[in-house]
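Protein chains get the first letters and strands the later ones, always in sequence-line order, with residue 1 at the start of each.
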There are 2 protein chains.
Amino acid sequence: MQVDSEDEIEVSPFDWPKGFYSDSTHAGLKPDGDDMGWIYSEVPAEAAGVYTTNQFQAAPTTLTKQTINLNYQLQAVVMNSGNANSCNGEQGISDAEMMQQMVADRLQIQANLVGIASTGVIGEPLPMAKIKAGISELKLTKNVGLTKAILTTDTHPKTMTVKCVINDQPVTITGFCKGSGMIHPNMATMLGFVTTDAVISGSQLQQLLSHTVDETFNQITVDGDTSTNDMVVVMANGQAHNQPLTDTNPDYSTFAVAFETVLAHLAKEIAGDGEGASKLVEVNVKGALNHLEGQQVAKAIVGSNLVKAMIFGEDGNWGRIMQAIGQTDAHVDIDGVSVSINGIQLVKNSMGTGIDDAEVSATLKNKVVTIDVDLNAGSAAGTAWGCDLTYKYVQINASYRS
Amino acid sequence: MQVDSEDEIEVSPFDWPKGFYSDSTHAGLKPDGDDMGWIYSEVPAEAAGVYTTNQFQAAPTTLTKQTINLNYQLQAVVMNSGNANSCNGEQGISDAEMMQQMVADRLQIQANLVGIASTGVIGEPLPMAKIKAGISELKLTKNVGLTKAILTTDTHPKTMTVKCVINDQPVTITGFCKGSGMIHPNMATMLGFVTTDAVISGSQLQQLLSHTVDETFNQITVDGDTSTNDMVVVMANGQAHNQPLTDTNPDYSTFAVAFETVLAHLAKEIAGDGEGASKLVEVNVKGALNHLEGQQVAKAIVGSNLVKAMIFGEDGNWGRIMQAIGQTDAHVDIDGVSVSINGIQLVKNSMGTGIDDAEVSATLKNKVVTIDVDLNAGSAAGTAWGCDLTYKYVQINASYRS
């Protein structure tokens, strides 16, 4: 997407958009630190969401989807870590509904304006007494603690604030997310929240969100596993008082680029903070027959355990990249593929270029590794992000509950 | 498949079937030990093969497929480890053809009766002088060294001999294989060879092989990566002089069961010897709508990195099994799934049964872990095999070439 003037979009220090409030508290769902919080808008906000494709969708995810789909509106979202409220049957559903009602009562708003998000261990009942006590502690502040309270195995909060000008009005978009393991296309054990003061309808927001998630969150993979709880929720409360952001608004593309800037940053933050990851891996595919195939091949490479272990080992064993490409059913010029790692061309016409291993290995010490592939089968492209496979990934996942 | 009398099939110590010879030698493709060898039948044998689905099929694999498909016959197969002769362009093809011709010359048979199999590092030219010298060393013996010479990261040879009686004639089926990493459905970096003295036509053999591979080798996964070199080749030289094994031969099912016994054993051997594996994992799914969906769900569970790391950690975190099931698009009774680990039921009606973790953890110390799943959506079943994900897997794959 093109914008006339890139400098209309500015990355800023963390800031809540106009009319949004937040808070967090320690409810005792995790041993230490804040594990619960909320976002609140002073007026009902237009809302949109994207949800896990896992067949066992957790109760809070199902409830939030139902709530948003009523009329694309939310005024608050309550969140907790430490317990996913997933695979808890009827009890899980009624607990999620009770949590929604408790927040509505405390904020004196309708329950169908409250979204719910839970993340943590699956199959343990939500401790409702702790949840209730936690909700009673929450206030309306401009604190940033919530971005930390939703974390599980993440090593740091992931946030992004972008400011832009829409019809001469300053607009803020602020996103934050959590996600480290079970990260894979079509959502993962990730929660993402985006708030903005822009004026935009819920249906327009849904269309923009669905498209942008396909290009960002659905192009990251940590371990190929998708979770039961994933969602990305957006709230737009209109307090910037710009002209409504319809397709025909000349500044729509500025907003869309700013929005994608936020989501792409968060997606890359998740990939780079994958469980045990030591490196962020970006794969750029060109020469694809179409965009979908470019995306497919990029994801196949970044998702291959063998490629991921090779990058951890700082080894330029390009045969594994060829294997990952060949496993897909994307169109490929079998004798015409090129592969570069960190700008060093290792494969030309599907054969090794004879570059010295040591030269590649040296660049693989970088924290960011870029793999460029040309399939030579068309003119479309695709990009995906992931991380290396490390001893620490195994350690974290061998003892998640212990 | 049913046989009237299971005791017609007997597992035996390793033995080559009548009329088969073998040998191995150190050609210098690997630093130590034998790295090359062959199988030879005293008469041309009926032959069949199944090959990798990777788009970058290695030259030896393509050549062997072409050779077998000429008229379903082979008299010899030459094999090497240490070099996969893959992604070597025109040079790779002419080297594979030259290797085939060298063996034909040495054995004084036609080149189109010689199969070729290579495994090892991708993208390095085959050292033809070493190959030539190696072939000149090979003899016709009853040695078992070949089963070791084809190994790469495997920790031990994988062999199986089964004897059965077909129309009152003793028949032997002997298989061996290699494979440890890049193991995934639709072939992997695995080579499998089955020899038998039974009388069976090439086309019947092909049909039996394709069906049996779907139930065995295509149901194992180590790391989700498929290789460029995989194949399973069968040779039947007819020296047992039984009645031809057609569909209508009353003893056909005995042979088919014996054949599946060999392949299933080898498949499980590969899964249990997955790179760095400490445990063999068997997943049995029942209650599937159809067999294909049962197979799909079994593979999804056994292939999940999170499930694999959990088993390594000896942790009964069944939520990960539910996630793996939910990621598939197989029919599932969302509120009616059961899951057991090592016979202990952890999930009933898609909810935890409240079993004490310690009880499950204790059984996860076993070398073999069995996961039973009931999808409650039908009456079909499926089975898959894999292994745990360990520190050693990462170590092996971070430094394969170093």
Colleague: How would you list, by chain and number, every residue that makes a side-chain contact (heavy atoms from CB on, under 4.5 Å) with A:Ala59, sequence neighbours excluded?
Modeller: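 Residues passing side-chain contact (heavy atoms from CB on, under 4.5 Å) with A:Ala59: A:Asn85, A:Ile93, A:Ala96.
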
Colleague: Under the rule for side-chain contact (heavy atoms from CB on, under 4.5 Å), what residues qualify as partners of B:Val347, not counting sequence neighbours?
Modeller: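 Residues passing side-chain contact (heavy atoms from CB on, under 4.5 Å) with B:Val347: B:Trp318, B:Met322, B:Val339.
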
Colleague: So which residue, A:Ala330, A:Pro125, A:Ser361, ends up with the most heavy-atom pairs under 4.5 Å with chain B?
Modeller: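 The answer is A:Ala330.
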
Colleague: Counting only heavy atoms closer than 4.5 Å, note whether B:Thr390 contacts chain A via side chain, backbone, both or neither.
Modeller: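 For B:Thr390, the contact with chain A is made by the backbone alone.
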
Colleague: Take atom NZ of A:Lys30 as the centre, draw a 6.0 Å sphere, and report whether it contains more than 12 heavy atoms from other residues, nucleotides or ligands.
Modeller: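 Atom NZ in A:Lys30 is crowded, with more than 12 foreign heavy atoms closer than 6.0 Å.
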
Colleague: Can you tell which part of B:Asp335 gets under 4.5 Å to a heavy atom of chain A, answering side chain, backbone, both or neither?
Modeller: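 Contact with chain A is absent: no heavy atom of B:Asp335 under 4.5 Å.
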
Colleague: B:Asn218 and B:Gln295: side chain to side chain donor-acceptor pair (under 3.5 Å), yes or no, with the steps?
Modeller: CA-CA 10 Å; B:Asn218 281 345; B:Gln295 299 281 80; over 6 Å; no

